[in-house]
Structure formats: structure tokens, C-alpha cells
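The next block holds one structure in the form of C-alpha cells; read it before the comments.
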Amino acid sequence: MAYSKEIDKKWQKKWKEGNLYRFDEKKPGKKFYTLEMFSYPSGANLHLGHWFNFAPADSFARFKSMQGYNVFHPMGFDAFGLPAENYAIKTGIHPQDSTIKNIATMKKQLEEMGATYDWNYSVETCMPDYYKWTQWLFLQLYKNGLAYKKEAPVNWCSSCNTVLANEQVINGACERCKTVVEKKKLNQWFFKITNYAEELLEGLETLDWPEATKKIQTNWIGKSKGAEITFKTENKDIDIKVFTTRPDTLCGVTYVVLAPESELVEKFTKPECQKAVEEYRQRTIHLSEIERMSTERTKTGTFTGSYAINPINGVKVPIWISDYVLEGYGTGCVMAVPAHDERDFEFAKKYQLPMIQVIDNREGTAELPYVEDGILINSNQFNGLTVEEAKKAIEKELEKTNSGKETISYKLKDWLVSRQRYWGAPIPMINCPDCGLVPVPEKDLPVLLPYDVEFKPDGESPLKKCKEFMHCTCPKCGKDALREPDTLDTFVCSSWYYLRYPDAKNEKEAFNKEIVDKMLPVDVYVGGKEHAAMHLIYARFITKALRDMEYLDFDEPFQKLVHQGMILGPDGNKMSKSKGNTVAPDTYIDAYGSDVFRLYLMFGFSYTDGGPWKDEGIKAISKYVSRVENLIDKVLKTNYKETEEVGEAEKSLLYVRSNTIKCMEEDIGIFQFNTAIARSMELVNELVKYESSEKVNKKLLMETIEDYIKIMSPLAPHFTEELWEKIGKAESVHKELWPKYKEEDLHLDTIEIPVQVNGKLKAVVKVGSQTSPEDVKEIVKKNTTIAEALKDKTIKKEVYVPKKIYSIVVS
RNA sequence: GCGGAUGUGGCGGAACUGGCAGACGCGCUAGACUUAGGAUCUAGUGGGAGACCGUGGGGGUUCAAGUCCUCUCAUCCGCACCA
């Protein structure tokens with residue numbers, strides 16, 4: 001029977017019956033935890049992106065098994081989140097119902113892929129047996145001072161009366177009703193990830209992650225060294241603290257700027273400036289942070305009417321507000337040095353604020369704004385110092401008067417985890433009128449998410465309108481109290497799921513310490529690079545926090561990280577329903593079978609780059625698969641003129657066989673599936689050639705075919721299983737180990753050395769692989785083309801890189 | 001704006017640490033087989049008649065550059081409430 005979907009089904013059934021992929025921690029072999037980022041069950045079907053992430057990663061897991069590891073390869077569902085809720089608002093179908101249905105479909109499809117997941121180790125984050133422990137995690141963070149409440153702005157649509165996610169804000173307006181979005185402050189929960197800023201940064205060095213991803217995290221953490229400087233003001237009680245990376249320019253400060261939303265603004269605004277300040281603050285409400293950070297936008301701002309005093313020279317400078325200062329970074333106030341900062345320069349020019357140059361280049365010809373290194377001028381006792389010297393000297397001087405110190409600032413902000421949404425894990429906290437904030441006792445977990453809730457947007461957290469949910473008794477004093485109505489960001493659910501998998505059924509704890517210490521860290525984590533900053537940094541933070549609470553004993557959750565690329569639509573754009581350029585895997589699976597589809601995904605694209613979908617390529621793989629089938633059928637029924645000799649033809653076959661095993665081993669190990677499959681094609685080409693030889697060494701031929709089936713088995717699990725059976729094997733090919741190649745088969749008697757004259761390839765000479773450099777030289781010189789090229793020339797230089805190249809320079 | 005990438009034949013993509021650019025495949029061309037061919041098999045295939053020229057473009061380092069340095073152009077992705 002030719003390979004088809006039917007063969008997939010036949011083997012999927014047998015594997016399931018035989019429990020082929022059941023994980024058993026007692027199995028021999030070193031543990032190997034390989035993990036793909038779990039999927040979000042937003043639509044009913046697995047899309048191409050899922051396939052491209054999961055199918056090759058599954059092949060990798062299978063490969064690791066063949067190498068003798070005891071592979072742990074779980075899969076689950078990140079099931080809470082906004083899309084299910086929005087879908088419910090649109091269709092009236094409850095998020096729980098649609099999510100459970102989607103999960104069932106996706107699970108079935110994952111099985112059709114032929115993946116090795118053991119569903120006994122799985123999580124669904126929206127189920128109480130999981131989110132009970134998400135809530136437990138929240139409580140541990142709270143107990144350890146890592147969860148706290150503070151006011152923070154949200155995107156607010158006054159027409160829909162609801163909080164909007166950033167993705168629901170299009171060009172500053174609500175995606176539904178186009179109302180201009182404003183910022184509204186709400187009291188919300190935060191996780192103190194900033195406590196771990198330094199460790200999250202340092203830990204990157206120990207990880208086998210793509211360099212680009214490490215850079216993204218480094219920039220996200222955004223460490224910068226500088227100084228915090230205190231400016232006294234006319235208002236004796238209130239100081240302004242600024243953070244600057246350039247304390248050396250302190251004498252060049254001509255004004256200070258506060259973020260418009262800063263609480264200090266009210267304290268400094270003089271009555272005559274009140275109106276302008278209020279208007280300006282109103283305008284800022286509508287801007288996104290990205291807009292505010294843009295240096296292209298014209299700077300705007302307004303004067304508060306008050307003045308601050310420069311601590312280094314006592315100069316009085318005006319206090320302004322401007323949206324280019326962000327409340328969330330540094331102290332939310334900056335000292336402006338227009339002569340040496342481009343943004344300040346522009347701002348000062350626009351509002352005709354003075355500029356004082358305090359740094360000059362060595363020639364004394366610097367043009368403003370001058371942001372390079374240089375020598376201090378106009379800075380009293382600091383004149384003549386270099387920038388580096390001045391930084392230290394000025395910090396030291398400020399320390400004397402207690403008005404400044406060296407400090408480190410991070411861009412990393414605490415993690416806002418409150419969501420005014422329904423479809424999420426309820427935050428396990430209670431507000432008691434007498435006792436204040438009281439955590440739900442662990443024995444009362446989970447705080448169940450009620451099913452019957454009005455979650456259509458009307459200005460309040462949906463749970464707030466559910467009386468049965470909200471009303472409870474205070475665990476401390478027993479009086480009536482109200483629950484926290486917000487739910488947790490789904491990133492909280494996904495920040496610890498990899499810890500739950502190995503002990504997924506534990507009813508007493510989130511996970512058993514011994515088990516996670518044994519199974520973790522994840523050896524290889526595969527997922528999209530869009531998670532480079534958020535999910536991956538949150539998960540690292542949670543791991544470190546749990547380590548400090550002694551729930552586990554390792555520092556990093558994911559030792560190696562691989563990002564798969566993205567498959568684009570045939571038009572080269574990101575696939576989207578609205579563009580109508582989506583490609584549905586199912587039609588291809590039906591037509592060609594899962595393995596052809598898997599092989600095409602692996603062969604047609606670089607795994608880390610992805611690229612636009614092309615229909616033609618899949619036919620080529622289908623052809624390849626039948627070519628192999630035809631070959632094996634033919635070999636099985638042909639009566640060959642047999643030989644037992646190992647001659648030239650056999651040596652060539654042995655070489656290709658060993659080379660293929662070696663290269664595929666290397667390539668699959670580093671997720672280079674396209675080149676691995678290319679090598680497998682070379683072996684098939686060689687087999688076809690050999691099989692048509694006059695005399696055939698049948699034993700060698702069959703052994704090579706067996707090796708071929710084995711090394712293809714991680715990549716095409718159903719197809720190879722069928723072939724394995726065809727050649728008469730009773731057991732599953734997936735119980736086989738990866739074959740060993742023979743070093744001596746790879747040894748060639750003669751090698752080819754390219755010869756360059758003046759950098760240009762002139763000839764290729766054949767030499768014995770053991771030929772000495774002196775003899776190679778002689779052979780090169782005897783070559784007629786080379787001799788011709790060297791005629792009447794003087795040799796100026798000769799370079800021989802053994803076994804690689806021979807290079808001659810003449811004049 | 002900030003941050004991160006990418007750019008190689010007609011196409012998808014190879015090229016380890018600087019060492020014969022274009023592996024493998026698609027497509028194309030020719031031939032074989034066939035009642036037929038959008039099936040299969042065999043051979044060829046970067047460009048150019050050629051010396052030579054070729055990895056987005058310009059400069060550089062080197063015996064040798066897709067790979068290193070420098071400038072530049074184009075495209076894609078992320079930016080903290082999508083997951």
C-alpha cells in the first residue's frame with residue numbers, strides 16, 4: 001500500500017494501543033525534557049504555525065529518544081485569555097464552552113500529526129485543578145513581598161465603558177467604536193520583577209539561547225549606570241529627584257521636566273499656569289508610550305510656574321512638564337541639558353530656553369547639541385576634567401551635601417498582573433472593611449471562577465457584578481467582605497506551566513520539589529521569538545522567585561532555546577483571515593498524509609527563518625516518498641546477481657551511508673531539518689544507483705536500507721514504521737537506537753585540492769589523503785594549467801592549508 | 001522613536017572556525033519509455049561566445065571574503081493589557 005493518510009491512522013492506533021509514547025521516569029537513559037510553548041486554543045483547528053512549531057520539534061524529541069535519552073515531551077493548553085472572551089461577547093458562546101471544545105479538537109489533531117506527547121502529563125490552564133495552583137503562586141509571591149497593589153493607568157474607552165488591551169487600540173482609538181482612547185488610573189496588582197533585574201540580566205550569560213534573544217532581554221531590562229540627583233525647590237517640603245546617565249553635564253542644566261502624569265505636577269503648578277498645565281495633561285492622556293518616545297514628533301510641553309535649584313551651583317531653573325518624559329522610567333523627572341541632549345535641545349529651541357555648553361571637544365569646536373566625549377567647560381571647579389572624571393567628581397561632590405549618589409536604573413518595570421476581565425484566574429485576595437487586604441487561605445483554594453457571569457463590557461470588572469462570587473467572609477475576622485474582582489494576566493498562568501507538567505496530577509502541591517529538581521530545567525524549549533521579552537522573562541522571574549522560597553533548586557527554567565520562524569502566506573505576508581492568504585494544513589494532510597506534510601515543512605524552509613508558503617514543494621516530497629517506496633518494493637522482489645565483495649561501488653555506498661548518518665545526526669541536533677533531509681535524499685540517490693549495479697551485495701544493501709529507515713524514523717514516523725514492517729520487522733522502528741556511523745568508511749583515499757593563483761581558481765589536483773605538503777607542492781607544480789599560469793612569473797608567496805587549498809601569489 | 005533581524009541562481013534554500021559559492025530540491029531543457037503524459041527514468045542546468053563576471057549597493061582588510069571591518073539601501077519582526 002502506498003503511503004497515505006490511512007497508514008497514519010493504522011499506526012496511530014497501534015501506537016496508542018501499545019502505549020508507545022508513555023513517559024516513564026524509571027526508564028533507562030538520562031532525562032531529556034523537550035518542550036514546545038503550549039498552544040492557545042483560540043480557533044478550532046491547528047493552523048500552519050502550530051504545525052511548523054510542533055511537528056519538527058516532535059521529530060527532534062524522537063531523535064533524542066533514539067540517542068538513548070529518556071525523553072519527556074509534554075503538551076498542554078494556555079486556555080485563558082482575551083480572544084475567547086471577545087469571541088463570547090460577539091457570539092454569545094461561553095468562553096469555557098468554546099475553549100473546551102477547541103481543546104478537544106486540537107488534541108485530536110495533534111494526535112493526527114503523530115506527535116509523541118504523553119497526555120497523562122498535560123495542563124489546561126483554565127481548569128480549577130491548574131489555576132488553583134496559579135492562585136497559590138500568587139499567594140506565595142504576596143507572602144514574600146513580591147506582589148503589591150498600586151495605581152496604574154489603563155487604556156480606557158469611555159464609549160464602550162471598558163478597559164482595552166493595547167492590541168484593541170488602533171491609532172489611539174478604540175477598535176470597536178473608534179472613540180479616542182484615554183488613560184485611566186486603576187488600583188492594580190503588580191509582581192515585583194524589578195527585584196530580580198540584576199539576576200535576570202546576569203543569568204543570561206549561562207544560557208544557550210539565541211544571541212538576538214539575549215540582546216532583546218538585555219535591552220528590555222535596560223540597565224544603565226548614572227546618578228540620582230536631588231533638586232531642592234522653592235517649595236521647601238518637596239524635592240525633585242532626577243535620574244541621569246550624565247551627571248557630568250549637571251552645570252549645563254537649564255530646566256527640569258516632569259512627566260505630565262506625575263503627582264508632583266499639582267504641587268508645583270502655580271495658579272497662573274493651572275489652565276495650560278491641565279490642558280496639557282489632558283492631551284497626554286491620549287498618547288501611547290511609543291508615540292511619546294518617538295524623537296520624530298515635535299516636542300511639546302508647558303511651564304508649571306515653579307523653579308528648582310541646581311544642587312551643584314545653586315542656579316534657579318524652571319520646572320516644565322512634557323510628554324517626552326515617562327513616569328515609569330527612572331524617577332519620572334529629568335534634568336534638561338539642551339546643549340548635550342538631542343531631545344532637550346529641540347525642546348529648548350522651541351520654547352526659547354537657555355543653553356549652556358559644558359562639554360567641548362579637544363579642539364574646542366563642538367557644535368550643539370554635542371553628545372560625544374570631551375572636556376568640561378563652564379563648570380567651575382570641574383573645568384578641564386574628562387567626561388568620565390567629571391562623572392565621578394560631581395557624584396562625589398553631591399554626596400557631600402547629600403544631594404546625589406551614583407545609582408543604577410533599569411527600564412524593566414514591575415509586572416502588572418491585574419486584568420479587568422472575566423476569562424482568567426481570579427486573584428485570590430479579599431478586601432475586608434476592617435482588616436483591609438486579606439489573602440485567601442491556601443486551604444480555600446481554588447477561588448472558583450463562576451460560570452454565570454455577565455461579561456459584556458459596561459465599565460466594571462465582570463466578576464464585580466456577580467454577587468455570589470464577590471461576597472464572602474473575611475478569613476481573619478469573619479465579617480462580610482468582598483473578593484478581588486480582577487483576574488490574572490494569562491502570562492501568569494504560562495509563567496510556571498513547565499513546572500507542573502512533570503507532576504501534573506499532584507493534588508497536594510503545585511509540584512513536588514524532588515520531581516521538578518530531577519526533571520528541570522527544560523533542556524530544549526522551542527517557540528516563537530515574539531515571546532523573547534515577555535513570556536520568557538516572566539518565566540525566568542517566577543523560577544527564581546520560587547527558588548528563593550525554596551520550592552525548587554535551580555536558577556533557570558530553559559537551558560536551551562530555539563525559535564522557529566514564521567510561515568507566511570503565499571503572497572509573502574503574514575497569514576490572516578482578513579487578507580485571505582491562509583493555508584489550511586488539513587487539506588494537505590488529507591491529500592498527502594501527515595508525514596509528507598511534516599517532511600515538507602522541514603525540508604522547504606529553514607526552521608529558524610520560515611518563509612512564504614509554496615504549494616509546489618509538497619509534491620516534490622510526495623515524489624521523494626514514493627521513490628523510496630518503489631526502491632524498497634523493487635529490492636524486496638528482485639533476485640540480484642549477488643556478490644559478497646566490497647569493491648568501489650560498495651565503498652561508495654558505505655561512504656554515503658556513514659556520511660548521511662553523521663550529517664543527519666548533527667543537523668537534527670541543531671534543528672537544521674532541511675539539510676538533514678537533503679542528506680537523506682543523497683543516500684536514496686546512492687541506493688538507487690547501487691541497486692542497479694551489475695552485482696549486488698545484498699547484505700550491505702539491506703543493512704543500508706535498515707539504517708535509512710531508522711534515521712528517517714524521527715522525521716517521518718508513520719511512513720518509516722510502515723517500511724519497517726514491510727522489510728519484515730516485528731517491533732516498532734521507534735524502539736530502535738540511532739545507528740552508529742563508521743569513521744573508517746568516511747576515510748577517502750584521494751582528496752581534491754583546489755589551487756589558486758593570485759586568488760583565482762586555476763586547477764584542482766588529486767592527491768592521496770596522506771600525501772605530505774612537500775609532495776603536494778610538487779604535484780601542484782607539475783600540473784600543466786598551473787605550470788602555464790606560473791610561467792615567466794615570480795612566486796611571491798605560497799600558502800598551503802593542508803587538505804583545504806593551495807594558494808600561490810605571483811607577480 | 002527604541003530594540004532585534006534579514007538580503008545568495010528563475011524559485012525554496014546550502015556553505016562547519018575566512019579556504020572550490022550555489023549542497024539538496026523545485027522549475028526549465030534534451031532524451032528514453034509510453035496509446036497518452038501534468039506519470040516514471042536518464043542527462044544537463046548561476047551569467048557570458050569568450051578572457052572573465054557573479055552572494056542588496058559602495059569602500060576596506062587578507063594569499064583567500066557570502067563569511068571580518070566601515071558606510072549605505074531595502075524589507076521584516078517586537079515594544080510591557082494578543083498569546
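In the set B:A83, B:C81, B:C24, the nucleotide with an atom closest to the side chain of A:Y538 is B:C81. The side chain of A:I805 approaches B:C20 more closely than any other nucleotide in the set B:C26, B:A5, B:C20. The side chain of A:K797 lies closest to B:C63 when the candidates are B:C63, B:U40, B:C16.
The cationic group of A:K192 lies under 6.0 Å from the six-membered ring centre of A:Y148 and within 45° of the ring axis, placing it in a cation-pi geometry. In this structure, A:R540 is not positioned above the aromatic face of A:W220 in the sense of NZ or CZ being under 6.0 Å from the six-membered ring centre and within 45° of the axis.
No hydrogens or angles were tested; on distance alone, nothing pairs the side chain of A:Q756 with the base of B:C20 as donor and acceptor under 3.5 Å. Put simply, the side chain of A:Q188 and the base of B:C81 share a donor and an acceptor less than 3.5 Å apart.
Contact annotation for A:I677: no contact, since no heavy-atom pair falls under 4.0 Å across all strands. Nucleic acid contact class of A:K214 (heavy atoms, under 4.0 Å, all strands): none. Backbone-only contact: A:V809 has heavy atoms under 4.0 Å from sugar-phosphate atoms and none from a base. Residue-level contact check: A:L568 touches neither bases nor backbone, having no heavy atom under 4.0 Å from any strand. Among the protein residues, A:G49 comes within range of no part of the nucleic acid, since none of its heavy atoms lies under 4.0 Å from any strand.
Among all heavy-atom pairs drawn from A:M602 and A:L715, the shortest one is CE-O, 3.5 Å.
Ranked by how close their nearest RNA chain B nucleotide is to the 5' end, A:V764 and A:A678 are led by A:V764. Mapping A:N219 and A:R627 onto RNA chain B via the closest heavy atom, the residue that lands nearer the 5' end is A:N219.
To the nearest whole angstrom, the two P atoms, one in B:A21 and one in B:G56, are 16 Å apart.
The only member of A:Y497, A:Y525, A:F77, A:W496 that meets ring-ring contact (aromatic ring centres under 6.0 Å, His included) when paired with A:F38 is A:Y497.
Between A:K614 and B:G25, a side-chain N or O to OP1/OP2 separation shorter than 4.0 Å is absent.
Base pairing of B:U67 is not made with any nucleotide, judged by Watson-Crick or G-U wobble geometry with both donor-acceptor distances under 3.5 Å. The pairing partner recorded for B:A30 is B:U42, the criterion being a Watson-Crick or G-U wobble arrangement whose two distances lie under 3.5 angstrom.
Under the 3.5 Å distance criterion, with hydrogens and angles disregarded, a donor-acceptor pair is assigned to the side chains of A:D615 and A:Y588.
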